[in-house]
Amino acid sequence: CNPTFRHLVYPVPEDAGLGVHATIDLAGRVRFGPDVEWVESPNDYTVDPDRAKSFYEAIRRYWPALPDGSLVPDYCGIRPKLQAPGESTFRDFSIQTSREHGLPGLVNLLGIESPGLTASLAIAKYVSGVLLDG
């Protein structure tokens, strides 16, 4: 599967995730994903090939010509979530300081998902300000 994508594709976000998007890796290959699958164990890194059907459906919303049989399961990871399965409110970027937990000098950064990397410098500036202000 080697479509001619020249840019990233981010569909409208869905429950607990950003939807199955298209990204281009350093080798120029297009990768699709991630999706959201709630797991019981933080050690469960199995890729379920039965999830391919939902990937085809999601990708064909923005690339209808995706050929059958062209997707190959690759890898998976565990992304900790602040909301529970089925919870309708999307929550991310929780920054807890001593105001919330009462422990001076401790800052908890929780649920920093996409675009966490993009926001990392702004988050660092905020946290350093919190720590310097005591």
Side-chain angles (χ1 to χ4, degrees):
C1 163
N2 190 9
T4 307
F5 283 91
R6 288 185 255 180
H7 55 82
L8 308 180
V9 176
Y10 284 89
V12 174
E14 55 190 37
D15 290 339
L18 297 176
V20 175
H21 47 273
T23 56
I24 302 166
D25 68 15
L26 294 175
R29 294 177 301 213
V30 175
R31 294 183 180 265
F32 298 101
D35 68 345
V36 175
E37 177 182 3
W38 299 99
V39 295
E40 295 296 319
S41 168
N43 300 315
D44 182 1
Y45 287 92
T46 57
V47 175
D48 181 359
D50 293 335
R51 298 186 65 79
K53 181 181 179 199
S54 66
F55 267 76
Y56 280 99
E57 290 170 0
I59 295 163
R60 285 183 173 140
R61 288 186 200 124
Y62 55 87
W63 186 33
L66 174 66
D68 287 338
S70 59
L71 297 179
V72 177
D74 194 3
Y75 66 92
C76 75
I78 304 293
R79 179 178 288 168
K81 298 291 215 175
L82 294 178
Q83 76 268 19
E87 192 174 298
S88 62
T89 303
F90 181 76
R91 298 183 302 153
D92 66 354
F93 284 73
S94 175
I95 301 175
Q96 298 175 347
T97 66
S98 59
R99 289 184 302 248
E100 287 80 26
H101 53 61
L103 299 171
L106 176 65
V107 177
N108 289 319
L109 303 172
L110 307 167
I112 310 293
E113 296 189 37
S114 296
L117 182 59
T118 305
S120 63
L121 294 176
I123 293 170
K125 183 177 180 180
Y126 175 79
V127 170
S128 66
V130 166
L131 294 173
L132 291 173
D133 291 343

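Note that the structure is a prediction, hence the values are computed from the model and not measured.
- Under the 4.5 Å side-chain heavy-atom criterion for Ile, Leu, Val, Met, Phe, Trp and Tyr, V9 and I24 are members of the same hydrophobic cluster.
- V20 approaches Y62 most closely through the heavy-atom pair O-OH, 3.1 Å.
- Residue V12 shares its hydrophobic cluster (ILVMFWY side chains chained together at separations under 4.5 Å) with no other residue.
- Taking D48 as the reference, D50, R51 meet the side chain to side chain contact (heavy atoms under 4.5 Å, CB included) condition, with sequence neighbours excluded.
- Legend: residues meeting side chain to side chain contact (heavy atoms under 4.5 Å, CB included) with I123, ordered by chain and number and at least two apart, are F93, I95, L109, I112, A119, V127.
- For D68, the salt bridge (charged side-chain N to carboxylate O under 4.0 Å, His left out) partners are R60, not counting sequence neighbours.
- Sequence neighbours left out, the pairs with a member in residues 98-110 that pass side chain to side chain donor-acceptor pair (under 3.5 Å) are Q96-N108, T97-E100, R99-Y126.
- The distance from the OH atom of Y56 to the CZ atom of F32 is 10.0 Å, given to the nearest 0.5 Å.
- Expressed to the nearest 0.5 Å, how far OH of Y45 lies from OH of Y75 amounts to 13.0 Å.
- The backbone N or O of A22 sits nowhere less than 3.5 Å from a side-chain atom of Y10 that would complete a donor-acceptor pair.
- Inter-residue side-chain proximity for T23 and V30 is flagged as unmet; no heavy-atom pair is nearer than 4.5 Å.
- Partners of D44 by side chain to side chain contact (heavy atoms under 4.5 Å, CB included), not counting sequence neighbours, listed by chain and number: V39, S41, T46.
- Here the side chain of H21 pairs a donor or acceptor atom with the backbone of G33 at under 3.5 angstrom.
- Summarising the geometry of W38 relative to P85, their closest heavy-atom pair is CD2-CG, 3.5 Å, with the distance given to 0.1 Å.
- Grouping the Ile, Leu, Val, Met, Phe, Trp and Tyr side chains by contacts below 4.5 angstrom, directly or via other members, places L110 apart from L131.
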